[in-house]
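We count ligands from 1, going down the list as the structure has it; atoms in each ligand are counted the same way. Bear in mind the structure is a predicted one, so any value in this text is a computation, not a measurement.
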Amino acid sequence: MRSQYGNDNVILSDIIKPSQEVLDNGPYIFADILDFKGLQKIVVNHRIDWLIHFSALLSAVGEQNVPLAVRVNIEGVHNVIELAKQYKLRIFVPSTIGAFGPDSPRNPTPNVTIQRPRTIYGVSKVHAELIGEYYYHKFGLDFRCLRFPGVISSDPPGGGTTDYAVAIFHEALRSGKYTCYLRPDTRLPMMYIEDCLRALLEFMRAPSEQLKRRVYNVTAMSFTPEELVDKLSKYVPNLHVTYKPDSRQSIADSWPQVFDDSDARSDWHWQHKYDLTNLVDFMVKDVQENYINVENGERHTLKI
Ligand SMILES: NC(=O)C1=CN([C@@H]2O[C@H](COP(=O)(O)OP(=O)(O)OC[C@H]3O[C@@H](n4cnc5c(N)ncnc54)[C@H](O)[C@@H]3O)[C@@H](O)[C@H]2O)C=CC1
Ligand SMILES: CC(=O)[C@H](N)C(=O)O
């Protein structure tokens, strides 16, 4: 986004201390999604016109702290949506495959179908979808929402059910081993981060008249842990993976296996670029160069 709109025109915010890399990249400010007045101040002082609301507790951590998930994921959405209405902002809120549940068709899962999720994360995302649509119809708010599958990047994962597909790269490339908390045949929809961010930007830029709905499924691929291990073994030939399913298995078992994003493809021409093979190629390179080599370099420096 910064490469297209200019570094100073995209402000990143969170409640955590930013890394040096984040600070070097462009403006970063503290913003607590639960502090409505603080958010108002930011919108006014920085003349914000688009709001992209990423803050949330993901599926696995949400189950461990339901009251906090309710506050951040539900109260937080109330705040940003009201803010967007007051200041006439275009607003994007991501939803997820987790907004579906065991009663939804899983292969494929269409854009409009039964949504009865069994996690607080999923419930909060259905709530976000519905309140966003309501504000669109009632107040003309330019609310846009994409339901993402598991998003894969080299950043440390945030406590979701699809985290294994990130963690496995870090652990396999360091130690040649990984213990997976899902069964080997657990199929879930996934997407590489570059596709995810491009989908978001293309969707935000699409003229309103082109959108037949405000909430779209998007995806790129679907795979299982054993299929990912098979591809990764090309880079880590003696890779040893064991499977110890935990509470995240039942969450994954209630989620879509294959996501139908044909509406996004026909309405605003969504097209993914990364499939499983080039996802693995890029992830191996990224984790190796930006994490493992850096750690090794730091260790080396310390030894000197
Ligand atoms: N990572 C994935 O696979 C997917 C993510 N999404 C959605 O994308 C969004 C971002 O996900 P990730 O980056 O993976 O999650 P993450 O857990 O890495 O990031 C969430 C951020 O929210 C921040 N946060 C928590 N409480 C806050 C508060 N009170 N005020 C301000 N910020 C607060 C956290 O500090 C954290 O940096 C979420 O809304 C998630 O539901 C949707 C589908 C898939
Ligand atoms: C798919 C998601 O929304 C997220 N990665 C999670 O697993 O909770």
Student: Tell me, which protein residue and heavy-atom name are nearest atom 30 (N) of ligand 1, and how many Å apart are they?
Tutor: Ile33 N, 3.0 Å
Student: Which atoms of ligand 2 are found less than 4.0 Å from any heavy atom of Trp255?
Tutor: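 Those atoms are 1 (C), 6 (C), 7 (O), 8 (O).
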Student: Taking 4.0 Å as the limit for heavy-atom contacts, which would you say applies to Leu58 with ligand 1: side chain only, backbone only, both, or neither?
Tutor: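 Only the side chain of Leu58 comes within reach of ligand 1.
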Student: Is it true that the side chains of Asp253 and Gln249 contain a donor and an acceptor less than 3.5 Å apart?
Tutor: yes
Student: Starting from atom 22 (O) of ligand 1, which protein heavy atom do you reach first, and at what distance in Å?
Tutor: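 Checked against all protein heavy atoms, atom 22 (O) of ligand 1 sits closest to Ser55 CA, 3.3 Å.
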Student: Which distance, rounded to the nearest 0.5 Å, do you find between the OH of Tyr181 and the OH of Tyr243?
Tutor: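 OH of Tyr243 is found 12.5 Å from OH of Tyr181.
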Student: For Pro149, counting its heavy atoms only, list the atoms of ligand 1 lying under 4.0 Å from any of them.
Tutor: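 Going through ligand 1 atom by atom, the ones under 4.0 Å from Pro149 are 3 (O), 43 (C), 44 (C).
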Student: Please report whether ligand 1 has a polar contact with Phe148, defined as an N or O pair separated by less than 3.5 Å (distance criterion only).
Tutor: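 Min N/O separation from ligand 1 is not below 3.5 Å for Phe148.
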Student: Got an N/O contact under 3.5 Å between His53 and ligand 1?
Tutor: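 No; every N/O pair is 3.5 Å or more apart.
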Student: With the threshold set at under 4.0 angstrom, would you say Gly150 reaches ligand 1 through any of its heavy atoms?
Tutor: yes
Student: Could you tell me if any non-hydrogen atom of Gly98 lies under 4.0 Å from any atom of ligand 1?
Tutor: no
Student: Mark the output for Phe148 as yes if a heavy-atom distance to ligand 2 is under 4.0 Å, and as no if none is.
Tutor: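 No heavy atom of Phe148 comes that close to ligand 2.
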Student: Got a salt bridge between Asp142 and Arg144, using NZ or NE/NH1/NH2 to carboxylate O under 4.0 Å?
Tutor: yes
Student: Under 4.0 angstrom from atom 37 (O) of ligand 1, is there any protein heavy atom?
Tutor: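 Protein heavy atom within 4.0 Å of atom 37 (O) of ligand 1: present.
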Student: Which protein non-hydrogen atom lies closest to atom 8 (O) of ligand 1, naming both residue and atom, and how far is it?
Tutor: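 Scanning the protein heavy atoms, the shortest distance from atom 8 (O) of ligand 1 goes to Pro94 CG, 3.6 Å.
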Student: Under 4.0 Å from ligand 1, counting heavy atoms only, is it the side chain of Lys125, its backbone, both or neither?
Tutor: side chain
Student: Say whether Thr96, considering both its backbone and side-chain N or O atoms, lies within less than 3.5 Å of an N or O atom on ligand 1.
Tutor: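 No; the residue has no nitrogen or oxygen that sits under 3.5 Å from a nitrogen or oxygen of the ligand.
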Student: Return the closest protein heavy atom for atom 2 (C) of ligand 2 as residue, atom name and distance.
Tutor: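 Scanning the protein heavy atoms, the shortest distance from atom 2 (C) of ligand 2 goes to Thr96 OG1, 3.5 Å.
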Student: With heavy atoms only and a cut-off of under 4.0 Å, state how Tyr164 meets ligand 2: side chain, backbone, both or neither.
Tutor: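 No part of Tyr164 comes within reach of ligand 2.
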Student: Go through it in stages, so that I can follow the logic: the residues are His272 and Thr219, the test is side-chain contact (heavy atoms from CB on, under 4.5 Å), and I'd like the CA-CA distance, side-chain angles, deciding distance and then a yes or no.
Tutor: CA-CA 7 Å; His272 69 276; Thr219 192; over 6 Å; no
Student: So if I count the atoms of ligand 2 from 1 in the order they appear, which ones are less than 4.0 Å from some heavy atom of Gly160?
Tutor: 6 (C), 7 (O), 8 (O)
Student: How far is atom 19 (O) of ligand 1 from its nearest protein heavy atom, and which residue and atom is that?
Tutor: Ala56 O, 4.7 Å
Student: State plainly whether the residues Arg213 and Asp267 are in salt-bridge range, i.e. N to O under 4.0 Å.
Tutor: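 Looking at Asp267 together with Arg213, the answer is no, because their closest N to O distance does not fall below 4.0 Å.
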Student: Counting both backbone and side chain atoms, is some N or O of Asp163 under 3.5 Å from an N or O of ligand 2?
Tutor: no
Student: Are Glu289 and Lys285 within salt-bridge range, i.e. N to O under 4.0 Å?
Tutor: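 Yes, Glu289 and Lys285 are salt-bridged.
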Student: Do side-chain atoms of Asn111 reach the backbone of Val215 as a donor and acceptor pair under 3.5 angstrom?
Tutor: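 Here the side-chain-to-backbone pair exists.
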Student: Among all protein heavy atoms, pick out the one at the shortest distance from atom 16 (P) of ligand 1; state its residue, atom name and that distance to 0.1 Å.
Tutor: Gly158 CA, 4.3 Å
Student: So that I can tick it off, tell me whether Lys234 and Asp281 are bridged by a salt bridge, with the cut-off set at under 4.0 angstrom between side-chain N and carboxylate O.
Tutor: yes
Student: Could you tell me whether some N/O pair between Ser95 and ligand 1 is separated by less than 3.5 angstrom?
Tutor: no
Student: Does a side chain donor of either Arg147 or Asn217 reach within less than 3.5 Å of an acceptor in the other side chain?
Tutor: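 Yes - a donor-acceptor pair under 3.5 Å links their side chains.
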Student: Starting from atom 34 (C) of ligand 1, locate the nearest protein heavy atom and write down its residue, its atom name and how far away it is, to 0.1 Å.
Tutor: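 Going atom by atom, the protein heavy atom closest to atom 34 (C) of ligand 1 ends up being Asp14 OD1, 3.5 Å.
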Student: For atom 5 (N) of ligand 2, what's the nearest protein heavy atom and its distance?
Tutor: Thr162 OG1, 2.8 Å
Student: Which protein heavy atom lies closest to atom 27 (C) of ligand 1, and at what distance to 0.1 Å?
Tutor: Ile15 CD1, 3.6 Å
Student: Please check if the number of heavy atoms outside Asp24 that lie under 6.0 Å from its CG is greater than 12.
Tutor: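 Yes - once you tally the heavy atoms of other residues, nucleotides and ligands closer than 6.0 Å, there are more than 12.
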Student: Go through it in stages, so that I can follow the logic: the residues are Phe36 and His78, the test is side-chain contact (heavy atoms from CB on, under 4.5 Å), and I'd like the CA-CA distance, side-chain angles, deciding distance and then a yes or no.
Tutor: CA-CA 10 Å; Phe36 187 72; His78 289 172; over 6 Å; no
Student: To the nearest 0.5 Å, what is the distance between NE2 on His137 and CD on Glu133?
Tutor: 5.5 Å
Student: Any nitrogen or oxygen of Val72, main chain or side chain, under 3.5 Å from a nitrogen or oxygen of ligand 1?
Tutor: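 In fact, backbone or side chain, Val72 has no N or O that close.
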Student: Using a 4.0 Å heavy-atom cut-off, say whether Asp32 meets ligand 1 through its side chain, its backbone, both or neither.
Tutor: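 The answer is both, backbone and side chain.
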Student: Report the C-alpha separation of Glu226 and Asp230 in whole Å, then their side-chain angles, then the decisive distance to 0.1 Å, and conclude whether the side-chain contact (heavy atoms from CB on, under 4.5 Å) test is met.
Tutor: CA-CA 6 Å; Glu226 64 192 349; Asp230 182 53; over 6 Å; no
Student: Look at atom OH of Tyr134 and say whether more than 12 heavy atoms of other residues, nucleotides or ligands are closer to it than 6.0 Å.
Tutor: no
Student: If hydrogens are left out, which of Phe54, Phe30, Tyr121 has an atom nearest to atom 6 (N) of ligand 1, that is, the closest non-hydrogen atom?
Tutor: Tyr121
Student: In the complex you have, is atom 13 (O) of ligand 1 within reach of the protein, judged by whether a heavy-atom distance drops under 4.0 Å?
Tutor: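 No; the ligand atom in question lacks any protein heavy-atom contact below 4.0 Å.
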Student: Which ligand 1 atoms does Ala31 reach within 4.0 Å, using its non-hydrogen atoms?
Tutor: 30 (N), 31 (C)
Student: Any atoms of ligand 2 less than 4.0 Å from a non-hydrogen atom of Leu58? List them with their elements.
Tutor: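 Reading through ligand 2 atom by atom, the close ones are 8 (O).
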Student: Looking only at protein heavy atoms, which one is nearest to atom 7 (O) of ligand 2, and how far off is it?
Tutor: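 Ranked first by proximity to atom 7 (O) of ligand 2 is Thr161 N, 2.6 Å.
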Student: Counting only heavy atoms from other residues, nucleotides and ligands, does the tally under 6.0 Å from OH of Tyr235 exceed 12?
Tutor: yes
Student: In the protein, what heavy atom is nearest to atom 4 (C) of ligand 1, and what distance, to one decimal place, separates them?
Tutor: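 Among all protein heavy atoms, the one nearest atom 4 (C) of ligand 1 is Val151 CG2, 4.0 Å.
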Student: Would you call Arg106 and Phe100 a side-chain contact if the rule is heavy atoms closer than 4.5 Å?
Tutor: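 Side chain of Arg106 against side chain of Phe100, heavy atoms only: no contact under 4.5 Å found.
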Student: Between Glu63 and Tyr121, do the side chains contain an N or O donor and an N or O acceptor separated by less than 3.5 Å?
Tutor: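 No.
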Student: Got a salt bridge between Glu227 and Arg187, using NZ or NE/NH1/NH2 to carboxylate O under 4.0 Å?
Tutor: yes
Student: Using a strict cut-off of less than 4.0 Å between a Lys/Arg side-chain nitrogen and an Asp/Glu carboxylate oxygen, indicate whether Asp49 and Lys88 qualify as a salt bridge.
Tutor: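 Judged by the 4.0 Å cut-off on N to carboxylate O distance, Asp49 and Lys88 do not form a salt bridge.
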Student: Quick one: which ligand 2 atoms are inside 4.0 Å of a heavy atom on Ser59?
Tutor: 6 (C), 7 (O), 8 (O)
